[in-house]
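Worksheet: the structure to be examined is printed underneath.
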Amino acid sequence: GSEAASDQGQEEEVEDRLKEHMDNLLDKSAKARQAALQSLRLALSSKTLSEFLLERRLTLTDSLEKCLKKGKGEEQALAGTVLTLLCLQMGSGPEGEEVFCSLKPLLISILTDSTASLSARQSCAMALGMCCYIAAADLE
C-alpha cells in the first residue's frame, strides 16, 4: 500500500516539474527557455509520458512553435529535439499527426532558411524526418 502511494507521489512530483518546465518555455529570458527545453528533452527521452502529454500536447506544441519562431540557434535546435521526442511519445495516431502537421511548415521554413544556425537547421531536419516517419498519415 505505501509503495503504491510512494510511486504516485513520485509521479505527481515528476508531473509538477514537467508543468513547471512547460510554463518556463514562455519565459522572457532565452536562458530560462533553453533550460526548460533541456529539462524537457531529458524527461521525454528517459520516461514514457504519453498520458501526461496527451492532455497537454496542444499547449506544448504552441510553446515549441514560439521557441522555434522567436528563438535563435541553440533554442531552435533544442525545440526541434523536444518536438521529435514529443512526436515519438504521441506515436503514429491522430495526436502525433496533429502535432507534426501543425509545425511542419515552420520546420521546413527554418530548414530552408540559410540565415538560421547550422544546429537549428540540423535539428529541424531531424524533427521533420522523424516526425514524418512516425506521424504523417499521408504517404507523400
Side-chain angles (χ1 to χ4, degrees):
S2 66
E3 206 173 289
S6 171
D7 285 349
Q8 186 168 356
Q10 284 179 327
E11 190 73 26
E12 286 174 10
E13 191 178 312
V14 166
E15 288 182 4
D16 287 344
R17 277 197 308 255
L18 285 169
K19 288 176 193 170
E20 190 178 313
H21 298 318
M22 288 170 65
D23 288 343
N24 289 342
L25 289 179
L26 302 174
D27 201 282
K28 288 186 180 190
S29 160
K31 283 210 179 297
R33 291 191 307 269
Q34 285 182 13
L37 286 165
Q38 287 172 333
S39 297
L40 284 168
R41 180 186 66 192
L42 187 63
L44 295 179
S45 61
S46 60
K47 189 171 180 159
T48 303
L49 301 160
S50 309
E51 285 186 33
F52 173 83
L53 293 170
L54 199 57
E55 301 168 10
R56 294 164 183 84
R57 73 183 181 284
L58 298 177
T59 304
L60 184 52
T61 302
D62 287 346
S63 298
L64 290 173
E65 181 178 2
K66 288 181 176 101
C67 290
L68 286 166
K69 278 184 179 175
K70 295 180 179 171
K72 300 283 181 243
E74 181 68 16
E75 183 178 348
Q76 288 177 314
L78 284 166
T81 302
V82 172
L83 173 62
T84 303
L85 292 168
L86 177 61
C87 269
L88 279 168
Q89 293 264 352
M90 291 293 95
S92 61
E95 295 86 4
E97 184 181 10
E98 179 183 25
V99 168
F100 171 61
C101 288
S102 66
L103 291 180
K104 179 182 165 191
L106 185 54
L107 291 173
I108 292 170
S109 170
I110 294 169
L111 178 61
T112 57
D113 179 1
S114 60
T115 62
S117 79
L118 192 58
S119 63
R121 292 173 72 188
Q122 182 179 9
S123 179
C124 287
M126 177 69 87
L128 194 60
M130 288 296 291
C131 293
C132 186
Y133 180 73
I134 294 164
D138 181 9
L139 294 178
E140 291 299 311

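Note that the numbering runs from 1 along the sequence shown for the chain.
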Can you get from [X] to [Y] by hopping between Ile, Leu, Val, Met, Phe, Trp and Tyr side chains that sit under 4.5 Å apart?
| X | Y | answer |
| --- | --- | --- |
| L40 | L42 | no |
| M90 | L58 | no |
| M126 | Y133 | yes |
| V14 | L44 | yes |

Which atom pair, heavy atoms only, marks the closest approach of [X] to [Y]?
| X | Y | result |
| --- | --- | --- |
| A43 | L18 | CB-CD2, 3.5 Å |
| L111 | R121 | O-NE, 3.0 Å |
| C87 | G96 | SG-O, 4.2 Å |
| L68 | C124 | CD2-SG, 4.0 Å |
| T84 | A127 | OG1-CA, 3.0 Å |

How long is the gap from [atom1] on [X] to [atom2] on [Y], to the nearest 0.5 Å?
| X | Y | atom1 | atom2 | result |
| --- | --- | --- | --- | --- |
| C131 | L86 | SG | CG | 7.5 Å |
| R57 | S102 | CZ | OG | 10.0 Å |
| K104 | E97 | NZ | CD | 10.0 Å |
| D16 | E11 | CG | CD | 10.5 Å |

Output yes when E65 and K70 qualify as a salt bridge under the 4.0 Å nitrogen-oxygen rule, no when they do not.
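A salt bridge is absent here (no side-chain N lies under 4.0 Å from a carboxylate O).
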Could you check whether any side-chain N or O of [X] sits under 3.5 Å from a backbone N or O of [Y], counting only pairs where one atom can act as donor and the other as acceptor?
| X | Y | result |
| --- | --- | --- |
| S92 | I134 | no |
| E95 | L54 | no |
| T112 | S109 | yes |

Looking only at side chains, do S119 and S117 share a donor and an acceptor under 3.5 Å apart?
yes
A quick test of your reading: do over 12 heavy atoms of other residues, nucleotides or ligands sit less than 6.0 Å from [atom1] of [X]?
| X | atom1 | answer |
| --- | --- | --- |
| M22 | CE | yes |
| K69 | NZ | no |
| E15 | CD | yes |

Which of these, L83, L26, L37, sits in a side chain to side chain contact (heavy atoms under 4.5 Å, CB included) with C67?
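Going through L83, L26, L37 one by one, the side chain to side chain contact (heavy atoms under 4.5 Å, CB included) with C67 is satisfied by L37 alone.
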Can you spot which of L53, V99, L60 makes a side chain to side chain contact (heavy atoms under 4.5 Å, CB included) with Q89?
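When L53, V99, L60 are each tested with Q89, the side chain to side chain contact (heavy atoms under 4.5 Å, CB included) holds only for L53.
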Can you give the donor-acceptor pairs under 3.5 Å from side chains of residues 27-36 to other protein atoms, not counting sequence neighbours?
residue: D27; atom: OD1; partner: S29; partner atom: N; Å: 2.8
residue: S29; atom: OG; partner: K31; partner atom: N; Å: 3.3
residue: S29; atom: OG; partner: A32; partner atom: N; Å: 3.2
residue: R33; atom: NE; partner: E75; partner atom: OE1; Å: 3.4
residue: R33; atom: NE; partner: E75; partner atom: OE2; Å: 2.7
residue: R33; atom: NH1; partner: D27; partner atom: O; Å: 2.8
residue: R33; atom: NH1; partner: K28; partner atom: O; Å: 3.0
residue: R33; atom: NH2; partner: E75; partner atom: OE1; Å: 3.0

So do T59 and D62 actually touch side chain to side chain, heavy atoms under 4.5 Å?
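Counting from C-beta outward, D62 and T59 never come under 4.5 Å.
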Quick one: do L64 and T61 satisfy side-chain contact (heavy atoms from CB on, under 4.5 Å)? Show the steps, please.
CA-CA 5 Å; L64 290 173; T61 302; 5.7 Å; no
side-chain contact (heavy atoms from CB on, under 4.5 Å) between K19 and R56: does it pass, once the steps are laid out?
CA-CA 9 Å; K19 288 176 193 170; R56 294 164 183 84; 3.2 Å; yes
